[in-house]
Each structure stands twice: as C-alpha cells, then as structure tokens.
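Following: one structure in structure tokens, then a few remarks.
Because the structure is predicted, anything quoted here is derived from the model rather than measured.
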Amino acid sequence: MANKEKLEKNIFRSKLAKRMFLAFVFCALLPILVVFIMTFTQVTKHFYDLAQNNLKRTTKAHAMAIYEKLLLLESELKNTALYIRQGYEHHQIPHDLMKDDSDFSRFTSKYISTEDNSIIPLYSNCEHPPLISQTIRTALRSGKTVINTSGKSGKTSRVFMIMALYPDQIPGEMLVAEINISYLWGIGSNYNLPVNTEFCVVDENNHVLVTSFSPSDLSQVLDSTSQALQLDNDHKKYLTSKWSLFLESRFHAPRWGIILAQEKAALQAPIKQFQRLFPLVILLSIWLVLLFTIGSIRKNLIPLQLLKKRTVQIAKGDFKGEVIVKSQDEFEELAESLNDMSSKLARQFDTLKAIEEISHTAFSHQGSSSIIYSLLYSLQENSLDISLYLVDQRGNAQVFLIPEKNQEIKPCPKPLKLTGEELDLLSSNSKNLFFTSDKGLPGFLSPMEKEGRASFALTPFFTAEKLAGFLAQGFRSGADLNDDDPGLRQRLADQLSIALSNAKLVEDLNSLNKGTLRALARAVDTKSSWTAGHSERVAKLAVQIGRNMGLSKLELEKLEQAGLLHDIGKIGVSTAILDKAGKLTEEEFGSIKQHPVLGVRILEPINTFGEIIPSILHHHEKFDGSGYPNGLKNFQIPLGARILTVADVYDALISDRPYRPGWEDERIFKLLQEEAGRHFDPEIVATFLNMGVVSDRPSTPPRSLAVAE
C-alpha cells in the first residue's frame, strides 16, 4: 500500500506521463472548447427562432379564434332572422341564442334596417348606426354576410354584421347587429392573450380596427417589416408577428391583419438562463477531462497492478473481463495468456448457464418456442458464437444466426431445404460433424459462410429419435479447428433435446386439458339448441376483456377455464325450463338460480379447478348486491366473476332465445351503460365498450323452435 501511494505521488516524474498528459490536453480540451462555442451559438439561435415561432403560432391561433367567433356570430344572426321570418314578435325572439356558460353577451345591439334606412330595434338601442349604402345592399346579393367597420370607440372601431332578412327580396329589409368588440377581439374582461402581449388588428388598407399599442409604437409597427422592433415603450425590445385573416371566402369583408407583440426579454428568458449555466458546464467538462487523463495515465503505468486485479476477478468468478497491457515485454505476454485462460473458462461457465436457463424454461412449463428463444438469448447474452438450425419433418431448416448484444433475434427470412443426403448425414451422426471450405461446404451452411466463416463444426440434436436440428459453430481461421470445444455444443444439444421433448409432452397434456374443458362446455351448451356454443363464446370474450385490462397470462388461462365451465351447473336444470318460451315461474327461476351452486359441487372434487370456483359461483352476482347466490356487491365479487358477468350477459342478449330474438349491439351497449354501477362493474363495462371488436353472433336455431317476440 505504501509503494502504491509513492507511485501515485511521483506519477508526473515520468516523461511518458507528461507526454500523455499534454496529448490529452490538446486532443481533448481544445476540441471540447470548439464544440462548446459552436453549441452555444446554435442553441442561442435555436431559442430565438423558437420564441419567434411560438409568437407566430400564438398570432395564428388568435386570428383563427376571431374567425371562429365571426362564424358563431353569423350563426346566431341567422337564427334571429329565422325567428323573424317565421312570424315571431320582436319581444318573443330570444337574444344571444348560442350563449355559452360565460354569460358574456356577443352582440351589444340588433335591429332591422328598412330600405329607407329606418331602424326597428330588436335588442338594445344602437347609437349612431352606420348608413347602409348601396354598395352594401349590392354585396348582399352574393348571399354573403357583410362585415362593416365604422366609427371609433376609443382605440377600437365598431364592427357590424349585416345580412338580408329575406334573401329573395334584395334590396329589402336587412338584419344588422353590432358585435361586442370585447368578445370579438378577446380584450377587456374576456382577455385571452398571454401576459405582456400587445395586440392590434388592421384592415387591408392598414386602417386600425383595434389596438393596445401607444401611438408612437403603433406607427413603428405599421411602417416596419422587421420581426424585432426597438419600440419607445420604456425602451423595451419587442418581437412582433402578423397573420393575415382571409375573410372573403365566407363574408363580404376585407381581409384583416392580426399583429401581436411580446417583450423580447420575457421570450428569451431561457436563453439568459442558458448563458448563465453554460460557463459552469464548460468548467465541469474540463475538470472531468483532467480527471480522466490522470486516471488513464495511472492505468497505463501500472501493468502489474492491472494483472493482479484481473487475477482477483477471475478468482471471484468474473470471466468476462479482459486485461490489456501494451508494454511490449513479459507483462504483455502474461496478459495475453491470462486473457486466453479467462476466455476458455468463460465459455465453459456460459455453457453451464445456458443449460441452466434451458432447464428452467422447460421446467416452468413453457412451450417449445420459449425454450428455443431462451437458448438463443442465452447464446447472445453470453457471446457464444453458435448458430441454431431447426429442421421440420419435411426437411426444411429454419436458421437463427446470433446477432450482437441488444439486437433482435429472428430467423433468416427464407428457410433452407435440406437434401436427402444432407438429412441422412445429419441423422446418422449424433456427435460432431466438421466441414471446411477447401473440401466443399453443404448448401445449408451458406448463411454462416456469408458471415465470413470458413470452417464449421456441427452437433445434431434429436427429439423422439428424429432429427430436430443442429447447433453450428463457425471459425474464421479456415480449416484450423484447434479452438473448437465439441463438448460445449454437445452439452447444449443434449439439454435442448431433453427440454424440447419435455415441452412437447407438456403441450400435449395442455391440449388434452383444453380439449376436455371444451368438451364439457359443449356438453352443457348442447342441452339446449338455444345455448349451443354459448360457453365458448363467453370464454373467448372474457379473455378479450381481461387482456385489455392487463391481466397476466396465467390469469387469462384461469379466466378462460372459468368461462368454459361457468354454466356446468345447468346439467342439473331441466331442459323444459331452459327451453321454455314464456315467463318462468318463481319455482322455475329458483331452479335456474341454483346452477352456480350445482356447478361448484360438480367441480369441487377436482383440485385443479379450485382457483376458478369463485368466478363460477359468483358470475350472477350484481355490483349493487342484488344478485345471487350470496348477494355480494362491489369488489367483494371476484374480478373473474365480474368479467364473466359482462361477457355472459352480452352473449345471452345477442343470442336468440325461445322467448325473444337476439338484440342489436347498440341496444346492448345502451343497457350496459345504464346498468354500470348497478348490475355491472363500471370499469369492466368501460373496457368492454372501448374494445371495438366483440364476439361473433351465434347462428340462429331452427325456425321450428323459434317463437315470435
């Protein structure tokens, strides 16, 4: 420890250490400074552009809001005209027909203007109404609403909306309304612009309709085309933006120019913050580079310490690392030998790890596909350069080449067809096979050959004494196979063969189990022609709901089982009751209500079904507690039972019954929404209605059995 401290203190006495330090300074710090300067310039420009673009978007949004208000005002004025044409008295016509919750009046007055410019007030008196010129009357012949700006009220022009009261009598009486400018421009109590924002609207002749600018500022805004102005308002800089609002397409009116201005200092606050933090980032980067430089020098000057450290790691079971010593002496040779030994040990332990993962996957009752991908990801994770070929009964080989870490594993796009000779060769050799490019390679090795391999070692594996595939390892050193470890592939092949055989047995058993459940479900459903396929459809729909609710794979399997067996208790219910066309008596309905309990009694002796019995017992409970058999409510009802309730009711309603035909989906959806919180769990109803795709409708029973609704 004392020697180590002494070496660290004297590190810069070495000429090599000094040269390395200077090289790091010039090769690292100088480029970093250049990058930081360029970054500062680009980021500053980006922030400025972003501020300008945000102001442009705000201007456009406000212009579109004004246009939408004009459309709304036109609709309201048309409704007023409609009332008048239908003969309503003036005092009977409601005003502010489309008034929203803000209780904000959109018009300050409304009146009828006759051909001789006489005024008939409808709503409030209009002071100094505008003269309806012949130009306006002519414009109304186009069928468009006229927007007229006349007069001044402070800094704001008055705005009138004019339309023909009787479109087929032009010239004739006209409906005129003065627009509430506070509502139209979004100012006053209805102010809806960002803080510290100045606002101006001009027509196409640059006449001001409304403005919040001071006279001196306004003249600069109207005369300048620049986006950044030095205004006289307390010597503050402003960013300005203008948007042209095209009104001619809908109204007879000139286009308006919407101008917004915001303080440049407020918009560029993020730039100021960035400028304050930037020097600190530069200093931190320089400090990190210096620390990295000193650390690198220390590592290169102490090769013996590195070798010792690596030896300790190997003793602790870390075989993945590698020590690099470029001292061109005995230390470098020792480092290479240590790395070679570590690599061989790593391959042995990686093989054991891969075998363990395959075994774990197999014993967790996962399918063949999971076992295959468990092997592939283990090979990838542990950097074992071994490819997998899966061979089917027709001699087609699916090839998996192991990519680098963090890349997706998928088979080669096109399967390979093995010849009869190749199949015989692989099937007759349970041990390793070797191929080299100088002696000719079989066609199925072409995918690996494209990867630059020249020599190959193969280990076949079998299931049920039939060829299932083989593991292939390629070498880039031509015919030299001295580095090959056939025991590694053989152990993997043996374990893979065992795992796939076990998986096949488990899959067959699961298939038998599912087939048995479906047979039981069909046995129950076929008791009545009206319920044929009901249990299978309910199970399918329940699984769809559960999947959309994020249930696990195991939970979905249990839910499917419960769906298939939820009506098994109907075995004990008379067919006459199930097929009865009329209303059930109280005694008959009591018999029906016993079927969940009967189902539980049937399934209780089978331990495997213990987890699904609560879902079967309570699938007729209601969310408000009015269901049967136990009157459970809310979340006392098991989740599986709540899901089955929705699926069961839906399938029952879409199906024809002796006493009624099946319902349409819209009627069922309405019922589900109405009964959410009473009959059904609201969350499950919402999930079901959002699914979009529902169960297929069952086929209709023979008409000889059907009874009219």
Side-chain angles (χ1 to χ4, degrees), residues 365 506 509-528 531 533-574 577-578 589-652 679-681 683-685 687-688 695:
H365 304 298
V506 172
L509 183 60
N510 288 337
S511 178
L512 177 62
N513 184 35
K514 288 185 178 180
T516 302
L517 291 179
R518 294 187 183 279
L520 285 173
R522 291 178 183 179
V524 174
D525 291 347
T526 55
K527 189 172 184 182
S528 170
T531 58
H534 168 71
S535 296
E536 292 183 78
R537 293 193 301 273
V538 169
K540 179 180 178 181
L541 184 56
V543 169
Q544 290 177 348
I545 297 172
R547 186 176 293 110
N548 279 272
M549 294 181 66
L551 299 188
S552 66
K553 181 179 179 181
L554 180 59
E555 289 172 327
L556 292 176
E557 289 177 357
K558 297 299 182 184
L559 187 59
E560 181 181 22
Q561 293 176 358
L564 290 171
L565 300 177
H566 76 284
D567 276 344
I568 193 172
K570 287 185 178 178
I571 291 177
V573 179
S574 170
I577 296 177
L578 296 176
F589 185 62
S591 177
I592 288 287
K593 291 171 64 175
Q594 288 301 310
H595 81 270
V597 178
L598 292 175
V600 171
R601 291 178 183 174
I602 293 171
L603 298 176
E604 274 181 340
I606 307 175
N607 294 332
T608 308
F609 296 147
E611 295 183 28
I612 68 173
I613 283 179
S615 297
I616 294 173
L617 178 62
H618 300 298
H619 76 276
H620 278 292
E621 302 285 0
K622 295 185 179 181
F623 203 68
D624 61 359
S626 62
Y628 62 86
N630 299 122
L632 301 183
K633 65 179 181 179
N634 295 344
F635 300 106
Q636 294 176 340
I637 308 170
L639 176 61
R642 283 180 273 143
I643 293 175
L644 285 178
T645 300
V646 174
D648 188 29
V649 170
Y650 174 80
D651 189 76
H679 191 154
F680 310 107
D681 183 336
E683 180 184 359
I684 296 173
V685 170
T687 300
F688 174 77
S695 176

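With contacts defined as side-chain heavy-atom distances shorter than 4.5 Å, the pair Gln561/Glu611 does not qualify. When side chains are defined from C-beta on, Pro596 does not count as touching Ile616, because their heavy atoms never get closer than 4.5 Å. Counting heavy atoms from C-beta outward, Leu551 and Ile643 have side chains that approach closer than 4.5 Å. Side-chain contact between Val538 and Tyr650: absent, with no pair of heavy atoms (C-beta onward) separated by less than 4.5 Å. You'll find the side chain of Lys622 stays beyond 4.5 Å of the side chain of Ile637, heavy atoms only. Counting heavy atoms from C-beta outward, Leu639 and Ile684 have side chains that approach closer than 4.5 Å. Inter-residue side-chain proximity for Arg642 and Phe623 is flagged as met; some heavy-atom pair is nearer than 4.5 Å.
The aromatic rings of His619 and His566 sit perpendicular, their planes meeting at an angle over 60°, well past the 30° parallel limit.
Minimum interatomic distance between Gly640 and Ser615 (heavy atoms only, all atoms of both residues): CA-OG, 3.5 Å. Between Ala542 and Ala647, the shortest heavy-atom distance links the atoms N-CB, 4.0 Å.
With Gln636 contributing its side chain and Lys633 its backbone, the two residues share a donor-acceptor pair below 3.5 Å. Remark: the backbone N or O of Gly631 is paired with a side-chain donor or acceptor of Glu621 at under 3.5 angstrom. At least one donor-acceptor pair under 3.5 Å links the side chain of Asp681 to the backbone N or O of Glu683.
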List the steps and the verdict of side chain to side chain contact (heavy atoms under 4.5 Å, CB included) for Leu541 and Phe688. CA-CA 9 Å; Leu541 184 56; Phe688 174 77; 3.8 Å; yes

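A distance of 10.5 Å separates CD1 in Ile612 from CD in Glu560, rounded to the nearest 0.5 Å. Put simply, CD1 on Ile602 and NE2 on His595 are 10.5 Å apart, with the number rounded to the nearest 0.5 Å. Distance check, rounded to the nearest 0.5 Å: CG of Leu564 to CZ of Arg537 gives 12.5 Å. Note that the CZ atom of Arg547 and the CG atom of Leu559 stand 10.0 Å from one another [nearest 0.5 Å].
Within a 6.0 Å sphere centred on CD of Glu555, other residues, nucleotides and ligands contribute more than 12 heavy atoms.
In this structure, the side chain to side chain donor-acceptor pair (under 3.5 Å) partners of Asp624, at least two apart in sequence or on a different chain, are Ser626.
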